[in-house]
Amino acid sequence: MANEDTDLRLLVRQLRWEADGVLSVLLENADGAELPAWTPGAHIDLTLPGGLVRQYSLCGSLDDRRTWRLGVLREPDGRGGSAAVHDRLRAGMVLEACGPRNNFALGDAQRYVFIAGGIGITPILAMVREAERRGADWTLLYGGRCRESMAFVEELRGHEGKVTLHPEAEHGLLPLVDLLATPVPGALVYCCGPERLIGAVSDAMASWPPGSLHIERFRPVAPAAEMEDSDHEFEVEAAGSGVRVRVPVGTTVVRALESVGVYPATSCEEGICGTCETKVLDGVPDHRDSLLSPEEQQAGNSMMICVSRCRGPRLVLDI
Ligand code: FES
């Protein structure tokens, strides 16, 4: 995972409607300097009016070092982030931000299959441009509730042979089985969208080689606070200082470390953003994040200490 964090103050230059319920937010560096470089799939942590911190994919042009663009869907059943953007954000405000960070980087491949559901188009948009720039074969299947709710469609014009728009109101559910039933040699699949789309894509790709599917979630697979029967108390050692602390059931590694004066960087605290990813020097993590691939979880080299726990009695962390 590529993790480059910079603390930033960003000026809201403009808010613009892109589709029903979708606003784009154009941001500039508040001090007028160039913005950090980023790669397709990257997101930033943005502190919204009211103090909520949310992660948003960058979806503008990689070459534009003056402006970043985000796309934000109003989610009536959301947890307050989209309402803060839609109801409280105004041009001229200055927001704190951190990033860019990329947990969804575009790997090297001869062919790419992109699948976007709704606002999941935001990271995919930058990937599509990059695949085109690399001269790779690519296709995009972009689904949405209805045509009017699908943002950034205009920007996909000119790729008619490669892009399939699939509003559910006109065509029903995405034809994932048709698309993915047979593994495509040398292809990587990138999918971003709601959980039911990610689940359906994973199921349809059961016969693909491991590592073919790359996903980005908006929400954790399970609520962060959810306890499991296997939860038990364990010890964590922070290798940097040698400090040790017990992590009781119901307490996260982050909170336990903070109680003894070790303050890891965190953001979402739900296992979806990657900010707290920490190298594991000894012990076996019990992964609870929604970010690491099954292969990465199996390797156990790092863990998201905001949600993940320990399979045994003790972890030694590179912190
Ligand atoms: Fe976001 Fe841990 S703080 S994954």
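In listed order, ligands and their atoms are each counted from 1.
In this structure, E160 has no side chain to side chain donor-acceptor pair (under 3.5 Å) partners at least two apart in sequence or on a different chain.
Ring centroids of W38 and H43 are separated by 6.0 Å or more, keeping the two rings apart.
Around atom 2 (Fe) of ligand 1, the protein N, O or S atoms found under 2.8 Å comprise C276 SG, C306 SG.
Grouping Ile, Leu, Val, Met, Phe, Trp and Tyr residues whose side-chain heavy atoms lie under 4.5 Å apart, directly or via other members, places L174 in a hydrophobic cluster with V113, I115, L141, L176, L179, L180, V184, V189, L197, I198, V201, M205, W208, L213, I215.
Identified under the ring pair (Phe, Tyr, Trp, His ring centres under 6.0 Å) test for residues 162-192, with sequence neighbours left out: F104-Y190, H166-H171, Y190-H214.
The SG atom of C59 sits 4.0 Å away from the CZ atom of R69 when rounded to the nearest 0.5 Å. Summarising the geometry, atom OH belonging to Y112 is positioned 9.0 Å from atom CE belonging to M127; distances are rounded to the nearest 0.5 Å.
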